[in-house]
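Quick notes on the structure that follows.
Numbers restart at 1 for each chain; the letters A, B, ... are given by sequence-line order, proteins then strands. Treat the numbers as computed from the prediction; the structure is a model and nothing was measured. Side chains included, hydrogens not; waters and symmetry mates left out as well; all remaining heavy atoms used.
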Amino acid sequence: MQSGFFLLMALYGMEPFVELHDVTHVYARAEDSLPAVRSLTLKVNEGEFAAIVGPSGCGKSTLMKLATGLQFPVEGKVIVGGRKVAAPVKLAGMAFQNPTMLPWRTTLDNILLPLEIVEPHRSRLRRHKAEYVAKAEGLLAQVGLKGQGHRFPWQLSGGMQQRVSLCRALIHEPKLLMLDEPFGALDSFTREELWCVMRDLHAAQKVTIVLVTHDLREAAFLADRIFCMSARPGRIVAEREVGFPRPRDLDITYTPEFAALVHELRGHIAQARQAV
Amino acid sequence: MKTRNQLVMAPFIFTLGFFILWEILCLVLNISSFILPAPSTILQAVWEYRSQLTFHAMHTLWMTLSGFSLAVGFGLLLGMVLGSSRLINAGTYPLLVGFNAIPKVAVVPILVFWFGVGWVPPVMTAFLISFFPIVVNVATGIATVEPEMEDVLRALGASKRDIVFKVGVPRAMPYFFGSLKVAITLAYVGSVIGEQNASNVGIGNLLTRASAAFEVPLVWAALLVLAVLGVAMYALTASVEHSVTGWAQRSQMVA
Ligand SMILES: Nc1ncnc2c1ncn2[C@@H]1O[C@H](COP(=O)(O)OP(=O)(O)O)[C@@H](O)[C@H]1O
Ligand SMILES: [Mg+2]
């Protein structure tokens, strides 16, 4: 009976993929030894698009590092893909506000970089180069940069570099995509364009996505589930499922339901800020 | 277009102007060639002693390039080690700085105790004086990899070695080639100091002998040859830097 239930959950992709249980983290080099996050608990299901919003400095990036095994909690448990995280997870793609392209590589070679690290691609790359290049070019086309692979990153605009950075995060077909304020430095038009790119990538790749953002509209438009964090030391103060049907159009951001959701999130954040 | 041409011509015009001014001053003020010979007198001396000067200059060039090559190899290796390990970096930094602070002239006598008078002291002096900027630059280039870049790679399971070789080393190349300009100049100073104190050949040795014999024009001729050789070596490394790290001049990474 119970196994049937789990099978059902797996079929619907409802298995929790990222779990943090009562996690407290103190940076080794923190001057005041105040935790960056305390008693943080959250669950993101497989294939889900989760967003984490919270005031600046509340530990959102710390949460990313914990979930990818770049930092280890002093207390609590982090489980990714059913296994306790004790080393960098090896299956995550990451993108940050700063696109961090390598300026001596062409756009295409930047996208191929993860394949030089991750097995089995690492040992296959040389012999199956054409296959991987085709894949990278496919991704470039998906983010609206068809045929731009030969250019150097510094020949591209900030928005274009951020698209490339998304391609690089996805090239090795990661099971988990971690985005830390990826659109924070872009103007609002470019940002909305990239929301749509992100939405389509998620629909096409069935990857679990955790997006950290301080833009409530971004979270509401993209996510299936939104977590609000308190000020430092961060913990989850509210969790909200977003029921807008997919595929979503940018127009929904102008509906009253959307405005109500953003307003509600805003309330949580304001409360979280006052709590300190 | 015109201003571009002017920019290209400017170094030649200013250099020529400098020597013409010097010549005129010597003529007008009637300065004794024992105090300050006119450029024409120096050129005459260069021509007169040309075979001697060429022989010694070649030797100095050879000493400089040998010491410099050692410094490049050693500097790259040590820089890579220091750049990839924060512990080793912190531990050895005071030693390195202290060593670099010692004027290398003071080391030459020790080199003579160890190796005797000959080609080793100039090469060693050139090496010892010039590896430091290379080490510091390479280490800095590797150690300052953006933390985000490091996170991206570590989350893929990259080892420290992967990160150093895929990102750190290429990233350090502009710093490395930039430091070569400084290093070649220092190596040159080092080899001349070495030759002055512990060699029987080379421009440095020639300078010592010419000044002991009060052969003033020869001293000045040797200085002129030193200057020309120095400019040539500097220009060569600068052009290598320019051609190898073009991306760094266009991307904003290295200002
Ligand atoms: N490497 C570090 N060493 C010490 N303290 C850190 C480090 N990284 C972040 N912190 C601290 O932890 C807190 C949370 O940081 P972070 O997770 O980056 O916040 P956010 O991404 O939400 O803005 C901040 O107060 C910050 O100063
Ligand atoms: Mg952050």
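- Remark: Y234(B) OH is loosely packed, at most 12 non-hydrogen atoms of other residues, nucleotides or ligands lying under 6.0 Å away.
- Note on R122(A), K65(A), M101(A): by heavy-atom pairs under 4.5 Å with chain B, the leading option is R122(A).
- The number of heavy atoms from other shown groups lying within 6.0 Å of CZ (F72(A)) is above 12.
- Heavy atoms closer than 4.5 Å to chain B are found nowhere in L176(A), neither backbone nor side chain.
- In this structure, the separation between CZ on R154(B) and NZ on K90(A) is 12.5 Å, given to the nearest 0.5 Å.
- Of all the heavy atoms in M94(A) and V152(B), the pair that sits closest is O-CG2, 4.0 Å.
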Exercise for the section: Take M149(B) and L113(A) through the test side chain to side chain contact (heavy atoms under 4.5 Å, CB included) and record every step on the way to the result. Expected result: CA-CA 11 Å; M149(B) 191 69 228; L113(A) 178 66; 3.5 Å; yes

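- You'll find the side chain of K166(B) reaches within 4.5 Å of the side chain of R105(A), heavy atoms only.
- Most heavy-atom pairs under 4.5 Å with chain B: of the set N98(A), T68(A), L70(A), this distinction falls to L70(A).
- E148(B) places none of its side-chain heavy atoms less than 4.5 Å from the side chain of D180(A).
- Between the OG1 atom in T100(A) and the CD atom in E150(B) there is a gap of 11.5 Å [rounded to 0.5 Å].
- The 12-atom threshold is not exceeded at CG of L87(B), counting heavy atoms of other residues, nucleotides or ligands nearer than 6.0 Å.
- Only the side chain of F96(A) comes within less than 4.5 Å of a heavy atom of chain B; its backbone N, CA, C and O stay farther away.
- Shown here is W195(A), whose CH2 atom has more than 12 heavy atoms of other residues, nucleotides or ligands within 6.0 Å.
- Of the atoms belonging to D162(B), it is side-chain heavy atoms, and not backbone ones, that fall under 4.5 Å from chain A.
- Residues of residues 80-89 of chain A lying under 4.5 angstrom from chain B, judged on non-hydrogen atoms, are P88(A), V89(A) by number.
- For E116(A), the parts lying under 4.5 angstrom from a heavy atom of chain B are both the backbone and the side chain.
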